[in-house]
Asks: 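Have a look at the structure that comes next, please.
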2 protein chains.
Amino acid sequence: MDTHKHALTVDSVIFGFDDGELKVLIVKHGSGESRGRWGLPGDWLKSGETLEQAASRVLQNRTGLRDIFLQQLHVFSALERHPGERIITVAFFALVRSDAHVLAAGESEMDARWVSVRDVPQLIFDHDEILQTALARLKHKVRHEPIGFNLLPEKFTLLELQKLYEAVLDITLDKPNFRRKMMKMNLLVSTNEKQSGVSYRAATLYRFDMAVYNRLTEQGFVFEV
Amino acid sequence: MDTHKHALTVDSVIFGFDDGELKVLIVKHGSGESRGRWGLPGDWLKSGETLEQAASRVLQNRTGLRDIFLQQLHVFSALERHPGERIITVAFFALVRSDAHVLAAGESEMDARWVSVRDVPQLIFDHDEILQTALARLKHKVRHEPIGFNLLPEKFTLLELQKLYEAVLDITLDKPNFRRKMMKMNLLVSTNEKQSGVSYRAATLYRFDMAVYNRLTEQGFVFEV
DNA sequence: TCAAAAGTGTTAACTGTACACCCATGC
DNA sequence: GCATGGGTGTACAGTTAACACTTTTGA
């Protein structure tokens, strides 16, 4: 046996935002010692694909989604992290829009489930640790990069954006100050559309302008909460 | 052959700070196609060790240093990143104190060399990309975490600290403002010692207080340049 | 008219930035 | 004295944070 070769998997922490709560996708494992217990979605790395391709494939199989925010998180290589065989896993974290919280065809509530991050059951192996690492990373990144927009639908109101930040960071924010701060960055463009179906004054719908963001960052702009 | 098994290496970007310049350790490869060309220090992952242990082992073999700041950077898994056999590498980045820029016994200038990041020769495989990724990560992290102190000797002057930031971030800073900002954080403690051997007024030597930093961060303190 | 959220205005405290300045030391 | 860096003072501009307030809408 080649001593330089190692069993490699990818596991993804897939975050969503719904009902004002940050959620994560967990799946039920169907084989081996961990049968019937909840864990993060993952699979073996195949020999003809990159890690990013493998994570992307798992994401598409589970949710039907493509072209999603997906980034490496950390590699977990503790010797005893997996019972029996030694397996190293490369963890990813993904952000999906709440209007796309579909599960792939064939997935039932029994197999896969969106759960609030405040209410995650115990997970297999070191998946709890992976989840905590992802949460910490998300909290940190959301303050310095406009990745939060990946959790919202295409068009959103300022309050929805604020609620997202409040849920992710577990804090409360001042509405007037939040909206001024966001507007001053010039990253939100009005769609000239209004909210509908609400029993109060309809808010303006905005969308995030990635092109403006890229232009600004080239000029040295830094995004801060 | 087991299709889930993959050849794995670790490669480290080891930064040092000397002569007011940010430097990186490169080594000459001694075998295979890449013989005689410069690259990042690395090795195979062995079956009985974690990735962190492997990176730490390489670091110790090359520099003789232990207990050094060492962190995962990114996994590089492009199919064609290594000629011939497919090899996946987990890149690390390390920060070492300038007063410890020794090379391990047996290393000569021919085998290993500290070079300014502004003056790095072309490296093998995708090592240029790994270095660029590490530089970007260092620039980002140094603003939000007090990792810069890992590049300085135990005792340092405020100007040395400022020069470090200037070199890493490639900017110039205002001396009075920089010192006030640093002092206000209460992370530096005076050693009651002065610089010696300088032909101008001797500066106070400070050291970074990790215990204070940990206490502050627990209270929600965030380090910003 | 009430509740809910959309939005605007105001102020005081705090921070960042620029730059003028004096101090100590060795040559 | 002069060059070099150590170290302090200050003042304006800009930002943050807290919160009072008016507006719009559907039920």
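Numbered from 1 within each chain, the chains take letters A, B, ... in sequence-line order.
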Asks: Kindly state which residues belonging to residues 195-206 of chain B come within less than 4.0 angstrom of DNA chain C, counting heavy atoms of the residue only, listed by number.
Replies: B/V198, B/S199, B/Y200, B/R201
Asks: For residues 208-225 of chain A, run the donor-acceptor check on the side chains, cut-off 3.5 Å, and write out each pair with its distance to 0.1 Å, sequence neighbours left out.
Replies:
| from | atom 1 | to | atom 2 | distance (Å) |
| --- | --- | --- | --- | --- |
| A/D209 | OD1 | A/A211 | N | 3.0 |
| A/D209 | OD1 | A/V212 | N | 3.1 |
| A/N214 | ND2 | A/M210 | O | 3.4 |
| A/T217 | OG1 | A/Y213 | O | 2.9 |
| A/T217 | OG1 | A/N214 | O | 2.9 |
| A/E224 | OE2 | A/H144 | ND1 | 3.4 |

Asks: Under the salt bridge (Lys or Arg N to Asp or Glu O under 4.0 Å) criterion, do A/D43 and A/R62 qualify, and how do the steps go?
Replies: CA-CA 11 Å; A/D43 197 5; A/R62 290 293 186 170; over 6 Å; no
Asks: How would you list all residue pairs meeting salt bridge (charged side-chain N to carboxylate O under 4.0 Å, His left out) that involve residues 158-167 of chain B, not counting sequence neighbours?
Replies: B/K163-B/E166
Asks: Students should find this one: the first and last nucleotides of DNA chain D, 5' to 3', lying under 4.0 Å from a heavy atom of chain B. What are they?
Replies: D/dT4 to D/dT10
Asks: Near DNA chain D, counting only heavy atoms under 4.0 Å, which residues of residues 167-177 of chain A show up?
Replies: A/D174, A/P176, A/N177
Asks: For a quick check of understanding: with a heavy-atom distance under 4.0 Å over all strands, which category does A/K163 fall into, base, sugar-phosphate or nothing?
Replies: nothing
Asks: What pairs with A/H74 under ring-ring contact (aromatic ring centres under 6.0 Å, His included), at least two apart in sequence or on another chain?
Replies: A/F76
Asks: Is there any salt bridge (charged side-chain N to carboxylate O under 4.0 Å, His left out) pair reaching into residues 124-142 of chain A, and which pairs are they, with sequence neighbours excluded?
Replies: A/R81-A/D126, A/K141-A/E145
Asks: Which residues pass the ring-ring contact (aromatic ring centres under 6.0 Å, His included) test with A/F93, not counting sequence neighbours?
Replies: A/F69
Asks: Once salt bridge (charged side-chain N to carboxylate O under 4.0 Å, His left out) is applied, do any residues pair with A/D67, and if so which ones, sequence neighbours excluded?
Replies: none
Asks: Using a 4.0 Å heavy-atom cut-off across all strands, classify A/L158 as base, sugar-phosphate, or nothing.
Replies: nothing
Asks: For A/I130 versus A/T89, what's the shortest heavy-atom pair and its separation?
Replies: CD1-CG2, 4.1 Å
Asks: Count the heavy atoms belonging to other residues, nucleotides or ligands that lie under 6.0 Å from CZ of A/R57, then report whether that count exceeds 12.
Replies: yes
Asks: Tell me which residues in residues 179-191 of chain B put a heavy atom below 4.0 Å from DNA chain D, sorted by number, or none.
Replies: B/R179, B/R180
Asks: Please tabulate, one pair per line, all N/O donor-acceptor pairs under 3.5 Å involving side-chain atoms of residues 175-188 of chain B, not counting sequence neighbours.
Replies:
| from | atom 1 | to | atom 2 | distance (Å) |
| --- | --- | --- | --- | --- |
| B/N177 | OD1 | B/R180 | NH2 | 3.0 |
| B/N177 | ND2 | B/D174 | OD2 | 3.1 |

Asks: Decide whether B/T50 and A/S77 meet the rule of one side-chain donor and one side-chain acceptor closer than 3.5 Å.
Replies: no
Asks: Within the structure provided, determine whether B/T63 and B/V96 are in side-chain contact (heavy-atom separation under 4.5 Å).
Replies: no
Asks: Do any side-chain atoms of residues 199-206 of chain B form donor-acceptor pairs under 3.5 angstrom with protein atoms, and if so which ones, sequence neighbours left out?
Replies:
| from | atom 1 | to | atom 2 | distance (Å) |
| --- | --- | --- | --- | --- |
| B/T204 | OG1 | B/K194 | NZ | 3.2 |

